[in-house]
Every structure is written in structure tokens, then in C-alpha cells.
Trainee: 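Here it is: the structure, laid out below.
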2 protein chains.
Amino acid sequence: MEPLKVGLIGLGTVASGVAAVLTKNREEIARRITRTPIIEKVFVRSLERDNPYDLNMTTSIADITDHPEIDIVIELIGGIEPALTYIKSALSHGKSVITANKELIALHGNELLQLAKENGVFLRFEASVAGGIPILKLLREGLSANEIDTVMGIINGTSNYILTEMSHKGVDFDQCLKEAQAHGYAEADPTFDIKGIDAAHKLTILAATAFGMPLNFENLYIEGIDTITAEDIAITQEEGYTIKHLGIARKSKQGVELRVHPTLLSKDHQLAQVDGVLNGVYVAGNAVGEQFYSGRGAGSEATASAVIADLIEIIQNKSRNHSAPALGFLEENLQELPTLPAKAFSSRYYLSFKYSDNLMSNSITEALKKVLLDAEIRAEKIKVYDQYQQVILFLEKTVQENVENIINNAMLIKGIEDSKFIRVE
Amino acid sequence: MEPLKVGLIGLGTVASGVAAVLTKNREEIARRITRTPIIEKVFVRSLERDNPYDLNMTTSIADITDHPEIDIVIELIGGIEPALTYIKSALSHGKSVITANKELIALHGNELLQLAKENGVFLRFEASVAGGIPILKLLREGLSANEIDTVMGIINGTSNYILTEMSHKGVDFDQCLKEAQAHGYAEADPTFDIKGIDAAHKLTILAATAFGMPLNFENLYIEGIDTITAEDIAITQEEGYTIKHLGIARKSKQGVELRVHPTLLSKDHQLAQVDGVLNGVYVAGNAVGEQFYSGRGAGSEATASAVIADLIEIIQNKSRNHSAPALGFLEENLQELPTLPAKAFSSRYYLSFKYSDNLMSNSITEALKKVLLDAEIRAEKIKVYDQYQQVILFLEKTVQENVENIINNAMLIKGIEDSKFIRVE
């Protein structure tokens, strides 16, 4: 079989996974395609490093992006720069590019897709979202007959691991974060994961692929998990809910909601059962109805599985003119859709109000009922948790603007010291 | 946009779904492709019939399979003949074919794939398995970097509906079947569904796509759900299990297990929670780990979603030489794998023994323990259900041959009148 020469940028966890999977599944992969992928060279910052797969290392990026025999470049260093410059260079030199870099695709994907088109090459990024779950292929091809109206999922394994541990052990966020760091499930600087930024990058890519819109990170609403307390988890568990950090993309006639935040899910919701570092994605399409997918969202070989699937697809399709467009829709047919502001987000809501004096819980409850009456919003439930000094409410479906007004008015009630709301799906 | 002319064979439920989805999602689909699919003609047995989408009907099959302007033929009549003859004719006339016909693909797929190859056209059948879940695309493309070792799923909605109703209502098989027929979830002749034959057709296609082997229906082991009683369900529910009808394809060094039968699943198993007419599929690959997918397994528009996804893919890829092979592996690289006989199936097992006289339950239990001791097989649990006059056992993982020996010896025990085993996953 004629070899197909591939250049790797980076030799970290995922790159090692790519080398490992290409090695162990060499025969199985060879049964699928007429050309054998060979890692011709790998770009590293320093040659003084481990090289367990005995790859041909270089510290010159041009050896990859401008190599005359390399057809496909796989970028696995992450972050914006120098990855952006490297990918632009590879595309400009007529090489197809595969990347797992969600941040780069979310922020610069439109520009890179345009460059890939101008150069007649592929740009693929299945590994950027939900690791081993082929969710982009599903949206782009498997469900291509549908108008998709919802994509909703657990797409950050670190947050999900921390929330799962908090739920199972009843301990607070800080302690779980430390444990996650000790286990290698959270970075030394966990900001992107726990603040929801990583999930937001991935949701940007999911929404573009589901709805056929340009990648639009700017208008995304983002909350992390760092505001969730052990008390929130204890109370909502007692109410029959699990708190999960979700990315939600929803299309309606008014526009698209693009949001990332902690969410209450009924315990029998399929996403509520996606625990630990797993990812899960729910999709609703207007022909197929509801679908659900789960699997590993990260890890060396699971992510490599997505990278190599892109590689096999490029080898099979041979030309971008014989394949599905990267976002599933022809670039010239992507449609800008208005993104709704947070105050327009519609869902059920969970509210909790802290008070300092247990003797006041009855009067606070009555005052809260009056606030709801004035707002003409119905509470499905109002309940006092004396042990946590909280009154909690479940509101019927409404827009967030109404919830914010209720909270503003409730904060004027004597004895209420703090408030919080969490959206309910 | 240049039209692409499609011919339909059949105008039943799925064909109406295809017309409906092509109509309602016309604009969304047009954003994906450079040619517009147009249903040029539909083959029907009689022109005296409803035609809600005002399609151009014909009773001459040659108007479809030998139409000079039709590029793609969609076969939706089901069954072997005349579908086989029609599809062969279409392929021979150089037309790509899409079908939802699992029986035909399971039994004649090898021959049809060869014919498609000789004529340089596509043969696609995503809709043949698990309705709207793009499971073939997942196995063929999304997980193409993996060596797949297990595909296991609920792939017959009728059986799953009946088992779900039996579980929820505690009623017997016959009554649930009648209700399923009344609701339109089971055919007047339900044999293919309740005897496991439909699931076996689908498993044949799943196994070929997962393992890269020719379609092999002959060696499949098949049990239906018609032997499951309300008592079986009541007892196993009390033991923490749900009975599901599964198709299981598993590859090991010894060969492949291809089997369709009722199975006990722990209640927290993802497949245990796939209820009613839904389908669910579990896949394990050696890079990606475990994945799970669920969604509608049948229905007009869900099945049409899969048919139209195939259609869009053919339009995008343009030529079979620029696409993944139909089974994911190049036809010349499919490998015959030895299929293991039922006696070699390895799993945990649930056994139940009926007796007529409650006074005997202790002596029967002791005698059963002796049988196990002689066989050197450990029971994880032995329990008497007086109210059902049954002793039940859970055996540790073993091969079915041992289970059959144990049952043969147990049937010699005085007082045991009947026996049954169900595999446990």
C-alpha cells in the first residue's frame, strides 16, 4: 500500500495516543483504506525528551508545515499561539489539517475554514468535542436530514468529575478540586474547566455544526461550577435532582440560546447518569426525535480515536469536494442566527434563599409567596430547609428576566441574606 | 441548484416519511449540498391509492430501475422478493441504491455489495438497523480507528415494548402482545419480532460492520421473547435485574459470538433503561472504550432520517471511490471469522427450577448445591421463591455447555419439574 505521510505538531498525551493507536490497530486500519498513514515527523520544542514510539522529531515547524511529502498535519499542542500560525502555514502549503484544539476552532475556526477552502484542503476537528464520541460526525452526517433544535450535553470531564465527587461524598467544591488535581483529572490551573470556558469552546463548535451557523464564541453565556456548594447538592438531591454542568444550544424562531452553566436534572434524566469523567450529549432533531450518546470525553486513546477517524475519512474521501463540509453545511450557506441574551433564557428554575434566623422562615416564605403573586409566576414547590437555613422554590417555566426580578424583590425581604438560582431542565 | 432525481420503490410508512422530511426540511438540506434531491417517480402496486405528497406514481418497476434520469433508487418495500430483483436491476443499471431492508441485506447483502462494486455505485442501508440512530455510520466511520470487540443492543422495538409493558404492569406475554398489536407496535403476524429474527437480521449487519466480516446470518444463535413469563420478570426484578432482548456480537481470539436472546441486565445498566419502542446500542472499542447510543428505532420520520442521511452522503461524496466502504472495510479485505457455537457462549447465567411441592424446596436446594459442586461451578446466589415454587441460581461466569450439563443433572433431582436459564450481562 502506498504510504500517506502525516506530520504531528506536539508530542503530548493525545499525540502519544495517536502513535499508540496507529501502531496497535495498524492491520485493522489497513483493511479500511488503500493508503497507510505513516507519521513522517513530529514537531517538538526540544529533542531532549522521551520518544517512546521512536518518531522522527524536529524542532523546525517548517519540517512539518512545509514538508514536500507530508499531506496531512495533525495539530495537538492546544492553545491559540503558536497553533494558529502553524495551522495557517500548513493550510497555506496545501496540507489538510486535523486538530483537537477546541479553543482555536471556537475562536478562529471561521478564518481557518475559509483558508482551508481557498487551499482546497480539509480542516477536521472531531476530537475537539466530547473526545471519543463522534458527535460532530453525528450532527454533520448521521443526522443531516434533520433540522436540529437542541444539543445539550456534559462536555467537560473535569467539571463532571468534581460535581460527581461532590454528590457522592457530600464534600465541598474546593476539596473535590484538590482531589481532582491529585488524580490528574484537573489541571494545575483549572480555570478553563471549572469556569465553563472549555465547555463554552466546545458548545460553540457543537452549535455551529448543529445549526449551520458560523462559529460564534463571543455571544455565549458562561457560568462555571465554582459557585455550587455542598448544601446546594444536598438539598437538590433530596428534591430528586442531580446538578450537572451542561452546555446547551437551542434554536427557536427567536434565535439561538448558547449557554453553559450548572443545571438541575431529574435523577432519571439520561444526562444525570453520566458520571465522573464521562461525557454525554443529548440531541433533538425534527425527524429523528431525541437521541442520546455517551462515552469517554477525554484521555489519550479516546481522543486519538477521533483524530484517527478524521484521518481515515480524509484518506477515504480523498478530496474536500467529495465529502461533507466541516460544519455539515456548505461554507457559503452558513447563516448568522441572533443569539438570545441571558434574560430571555426560558426554563424551569430552582431558587434558594438563605436566612440567618430560623424563627423567620415562616414569614420569609409568606413574603416570597407575595413576590411570586406580584410577578404572576407560579412556584411548583416552596420548602423550608431549616438545617441549611434556606427556603427553596421551584418555578414553572419562565424567562430568566422574571427570575432576576423575583430575586431582586426577594432580596428586599427582611431576613433574607443571600440568594441563588439554578436552571432546571 | 441542479436537481438529483431519485426513484422510490414503495409508498408505505417509511416512504411517506422520506417524502415528508424532504419536504419539511427542504431548505435546511439545500444548505448542505450542491444538488437538490427530487423524487422523480415512485413505484406502487396499484395507482388506486392515497398519494398525499402528490408523487408521480408508476406500476412499472422499469420506470424506476431503468429510468435514464434517475441516479439513486430507494427501496422501501421490505422482504426478499421482489425487493432483491428490483435492487439488482437498479444496481445493474448503474444506479446507487439506498434501502431500509434488513432482511434483504442480512441474507443477500454480500451478493448485492459485490454487484454495487462491479457497477461502481453505492449501496447504503443505514435505516436497516436501529432506525434513526446512525449506528452503522458510527461503526463504519466515527469509530474507524478502533478494533471493536463488542456491539450489544436493544434493536427490536416491538420486543422491547412488550418486555417493558410486562415489567411495568406485571402481566403475561400474550396479553402484552395483544396490546402491542392494538397499538400498532406489533404486526398482525409478529413472528419476526417476537422470535428474534428481525433482531438477528440487524445483528448480522452490525457484526459485519463492526468486525469487517462478510454478512453471516446463517450462524447466528436466535431466541425470542415468547418464553419469558410474568414470573420470570417478577423474580428477576426482585433480584435487581431487568430482562431485555439483546443482540450481542462479540469478538475474541476464539472467534465471534453472534447471538440474540433475552438477557438479564442490572437495573443501572444503560441498556436496562431503554424502554418502550426505543433502541439502544452499546459499543466497546480498543481505543475509545465504551460508548452508548439511544434513540428511536423505528417510525416513519426517524427511519426516513437515516434514509435521507444516506442520500445526502451519496450526493456529497459523489463517487464510491471517495467514500467509506459500505461495511467500513474494503470489500476485498473482509475477513471470515469463525462463529462460536452456543455451547461456547460465556457469561454469567440465571437459572430457575420449578417444583410442585413447597415442602421439597430445602432438599431441592441441597441437591442443586451438590450438582454445582460436582460441576465445579460456583453459584453467586441460590434462593427459594416459595410463592412461585421456584429455586433460582445465579452462576458465576462460565460457558453455556456447563450450564446445560448442570440443567441436565438438575432435572434428575426428585421434585424438579421444569427449568430455564437466561444469560446475564
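Just so it is clear: chains get the letters A, B, ... in the order the sequence lines come, proteins before strands, and each one is counted from 1.
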Trainee: Starting from the C-alpha separation in whole Å, work towards a yes-or-no answer on side-chain contact (heavy atoms from CB on, under 4.5 Å) for B/Gln273 and A/Gln273.
Mentor: CA-CA 11 Å; B/Gln273 295 164 48; A/Gln273 295 164 48; 2.2 Å; yes

Trainee: Among A/Leu22, A/Ile29, A/Val288, which residue forms the greatest number of heavy-atom pairs with chain B at distances under 4.5 Å?
Mentor: A/Val288

Trainee: Would you mind telling me which of A/Gly132, A/Ala287, A/Ala309, A/Gly142 has the largest number of heavy-atom pairs within less than 4.5 Å of chain B?
Mentor: A/Ala287

Trainee: Among the options A/Gln291, A/Glu332, A/Arg140, pick out the one with the most heavy-atom pairs lying under 4.5 Å from chain B.
Mentor: A/Gln291

Trainee: Sort B/Leu334 into side chain, backbone, both or neither according to what part of it lies under 4.5 angstrom from a heavy atom of chain A.
Mentor: backbone

Trainee: Taking the side chain from A/Glu290 and the backbone from B/Gly295, do they hold a donor-acceptor pair closer than 3.5 Å?
Mentor: no

Trainee: Identify which part of B/Glu141 has an atom lying under 4.5 Å from any heavy atom of chain A, answering side chain, backbone, both or neither.
Mentor: both

Trainee: Does B/Gln270 form a side-chain contact (heavy atoms from CB on, under 4.5 Å) with A/Ser294? I'd like the steps, not just the answer.
Mentor: CA-CA 10 Å; B/Gln270 282 177 306; A/Ser294 67; 3.0 Å; yes

Trainee: Kindly give the heavy-atom pair with the smallest separation between A/Asn146 and B/Ser305, and that separation in Å.
Mentor: ND2-OG, 2.9 Å

Trainee: Among B/Gln335, B/Glu313, B/Glu126, B/Glu27, which residue forms the greatest number of heavy-atom pairs with chain A at distances under 4.5 Å?
Mentor: B/Gln335

Trainee: Please flag which part of B/Ala20 lies under 4.5 Å from any non-hydrogen atom of chain A: side chain, backbone, both or neither.
Mentor: neither

Trainee: What part of B/Leu138 lies closer than 4.5 angstrom to a heavy atom of chain A: side chain, backbone, both or neither?
Mentor: side chain

Trainee: Just verifying a value: how many Å separate B/Leu311 CG and A/Ser144 OG, rounded to the nearest 0.5 Å?
Mentor: 8.5 Å

Trainee: Can you find a heavy atom in the side chain of B/Gln316 that is under 4.5 Å from one in the side chain of A/His322?
Mentor: no

Trainee: Any side-chain heavy atom of B/Glu147 sitting closer than 4.5 Å to one from A/Lys24?
Mentor: no

Trainee: Would you find a donor on one side and an acceptor on the other, under 3.5 Å apart, between the side chain of A/Arg31 and the backbone of B/Asn333?
Mentor: yes

Trainee: Is it the side chain or the backbone of A/Ile133 that comes within 4.5 Å of chain B heavy atoms, both, or neither?
Mentor: both

Trainee: Okay, side chain of B/Arg32, backbone of A/Leu330: is any donor-acceptor separation there less than 3.5 Å?
Mentor: no

Trainee: Given side chains that start at C-beta, do those of B/Glu28 and A/Phe211 come closer than 4.5 Å, heavy atoms only?
Mentor: no

Trainee: By a 4.5 Å heavy-atom criterion (distance strictly below it), what part of B/Asn317 contacts chain A: side chain, backbone, both, or neither?
Mentor: both

Trainee: Can you tell me how far the CZ atom of B/Phe292 sits from the CG atom of A/Leu278, to the nearest 0.5 Å?
Mentor: 12.5 Å

Trainee: Can you say whether B/Ile33 sits under 4.5 Å from chain A via the side chain, the backbone, both, or neither, judging by heavy atoms?
Mentor: backbone

Trainee: Can you tell which part of B/Ser300 gets under 4.5 Å to a heavy atom of chain A, answering side chain, backbone, both or neither?
Mentor: neither

Trainee: What part of A/Asn25 gets within 4.5 angstrom of chain B, counting heavy atoms only: side chain, backbone, both, or neither?
Mentor: side chain

Trainee: Using a 4.5 angstrom heavy-atom cutoff, name the option from A/Gly285, A/Gly328, A/Ala30 with the most pairs to chain B.
Mentor: A/Gly328

Trainee: Tell me, side chain or backbone of B/Asn286 under 4.5 Å from chain A's heavy atoms, or both, or neither?
Mentor: both

Trainee: When you compare the side chain of B/Leu143 with that of A/Pro134, does any pair of heavy atoms fall below 4.5 Å?
Mentor: yes

Trainee: Among B/Ala324, B/Ser319, B/Pro325, which residue forms the greatest number of heavy-atom pairs with chain A at distances under 4.5 Å?
Mentor: B/Ala324

